[in-house]
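Here is the structure we will look at.
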Amino acid sequence: MTRNTDIADLRKSYEKAELSESASHADPLQQFDQWLKEAISAEVPEPNAMTLATVGADLRPTTRVVLIKGYDERGIVWYTNYHSQKGRQLAGNPYAALQFHWVELERVVRIEGIVEKVSDEESDEYFHSRPLDSRIGAWASPQSEVIDSRTVLVTNAAKFGAQFMLRPPRPPHWGGYRLKPDTWQFWQGRKSRLHDRLRYTAQADGGWLRERLAP
C-alpha cells in the first residue's frame, strides 16, 4: 500500500483542557449536560450533531449523522423515518452507539445502550414544532430507498404540500427513538497523546461505576 505522506504526517497537540476524576461529575448525564452546554456556548459547528451506529441482520455496522433533540435521565432522543435503514436495523437489533465529536474543544463523548421508540405523544409534539417544509419533507422522502432522481422528492413535496396545506399530520412511519445508556465514555485530548478517558458503566443499584481508561 502506498503511504500518503501528507495524511500520515498530520499531527495535532491537544492542550485545551483536562478531565480528572475529581473535576468530573459522578453522574455521566450531568457530565454530558455540562459538555454539551459548553460546546453550544463555544459556538462550535453543529454541537447537536451525533454519529449513530447500528448493526443489521448481516452483522455489518453502519453509521450516519443525526441530531439530538432531547436528553434526560431516560436517555438520548432523536427523530427519523422508521422505514429507513437505521429504523429497520433497530427493529432487528435494538442496541446502538452514539458519538459526539467537538473538534474545537478536543472532546469526544461515546454512548452505548438499548434503543426504543418514544411515545406517540412525544413524537406528535416534536413533529408539530418543526417548520412546515420539514413536516412536508417527512412525507416526501422515502428515506433510504432508491429513487430515480431528485425530481421524485420535489414532486412528492408538491403533492403532499397541496394535500395537507398548512396542517400536515405526523406520518405513521416517522417518529422518535430514545437510547437508554448503559455505558458512557468521555475523552479529552491531552498533550503527547496521553489523553484523558473516563468510562461510566451502569450498575445494578442504579448508580454508575467511573473508571479511567488508557487512551
Side-chain angles (χ1 to χ4, degrees), residues 25 27-55 61-91 93-105 107-144 153 157 160 164 166-187 200 202:
H25 294 281
D27 184 333
L29 182 64
Q30 295 181 31
Q31 185 65 38
F32 174 74
D33 179 68
Q34 176 184 326
W35 273 19
L36 177 57
K37 288 177 178 176
E38 289 176 358
I40 294 171
S41 296
E43 298 183 346
V44 304
E46 296 198 273
N48 55 333
M50 57 187 184
T51 299
L52 165 65
T54 55
V55 177
T62 57
T63 65
R64 74 287 290 161
V65 176
V66 297
L67 301 179
I68 184 174
K69 293 300 179 181
Y71 62 97
D72 56 24
E73 66 282 352
R74 296 174 297 170
I76 310 293
V77 174
W78 68 95
Y79 292 86
T80 190
N81 188 314
Y82 291 145
H83 293 169
S84 64
Q85 182 188 43
K86 55 185 170 296
R88 296 193 303 269
Q89 290 181 335
L90 288 170
N93 175 15
Y95 290 94
L98 301 169
Q99 177 171 289
F100 292 83
H101 186 192
W102 299 309
V103 178
E104 292 78 5
L105 300 180
R107 288 174 173 174
V108 173
V109 179
R110 296 165 53 186
I111 313 166
E112 299 175 13
I114 193 167
V115 178
E116 63 183 10
K117 291 180 179 178
V118 306
S119 68
D120 287 343
E121 292 76 15
E122 288 177 89
S123 290
D124 286 340
E125 181 179 2
Y126 174 69
F127 182 80
H128 293 297
S129 74
R130 305 177 85 207
L132 178 60
D133 287 351
S134 297
R135 284 178 279 156
I136 293 297
W139 284 95
S141 174
Q143 194 174 115
S144 300
L153 301 178
F160 287 113
F164 297 126
L166 299 178
R167 303 179 70 86
R170 178 174 65 88
H173 57 267
W174 190 97
Y177 286 105
R178 176 179 286 108
L179 183 144
K180 181 179 180 180
D182 54 33
T183 304
W184 298 71
Q185 286 195 37
F186 295 85
W187 182 96
Y200 294 73

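In this structure, E43 has no side chain to side chain contact (heavy atoms under 4.5 Å, CB included) partners at least two apart in sequence or on a different chain. Applying the side chain to side chain donor-acceptor pair (under 3.5 Å) test to H25 and every residue at least two apart in sequence or in another chain returns Q30, Q34. The side chain to side chain donor-acceptor pair (under 3.5 Å) test applied to R107 returns E38, Q188, not counting sequence neighbours. Residues meeting the salt bridge (charged side-chain N to carboxylate O under 4.0 Å, His left out) test with D33, sequence neighbours left out: K37. In this view, W78 and Y177 satisfy the ring-ring contact (aromatic ring centres under 6.0 Å, His included) rule, not counting sequence neighbours. Among residues two or more places apart in sequence or in another chain, the side chain to side chain contact (heavy atoms under 4.5 Å, CB included) test is passed with R74 by D72, E122, R178. Every side chain to side chain donor-acceptor pair (under 3.5 Å) that Q89 has, sequence neighbours left out, goes to T54, T62. For Q143, the side chain to side chain contact (heavy atoms under 4.5 Å, CB included) partners at least two apart in sequence or on another chain are T80, N81, S84, K86, S141. Remark: D124 pairs with R170 by the salt bridge (charged side-chain N to carboxylate O under 4.0 Å, His left out) rule, at least two apart or across chains. For A157, the side chain to side chain contact (heavy atoms under 4.5 Å, CB included) partners are I136, A140, not counting sequence neighbours. With sequence neighbours left out, the salt bridge (charged side-chain N to carboxylate O under 4.0 Å, His left out) criterion links E112 to no other residue. Checked against side chain to side chain donor-acceptor pair (under 3.5 Å), Y82 has no partners two or more places apart in sequence or in another chain.
Nearest approach of L153 to P142, heavy atoms of both residues: CD2-CD, 4.1 Å. Nearest heavy atom pair, residue G175 against residue S123, reads CA-OG, 3.4 Å. The minimum heavy-atom distance between L179 and G113, with the atom names listed, is CD2-N, 3.9 Å. Between V108 and W35, the closest heavy-atom pair is O-CZ3, 3.8 Å.
Looking at I68 and V77, their side chains never come closer than 4.5 Å, going by heavy atoms from C-beta outward. A 4.5 Å side-chain heavy-atom check between Y200 and T183 finds every atom pair outside the cut-off.
Ring-centre distance between W139 and F160: below the 6.0 Å cut-off. Ring-centre distance between F32 and F100: below the 6.0 Å cut-off.
Crowding of F164 atom CZ: a count of heavy atoms from other residues, nucleotides or ligands under 6.0 Å exceeding 12.
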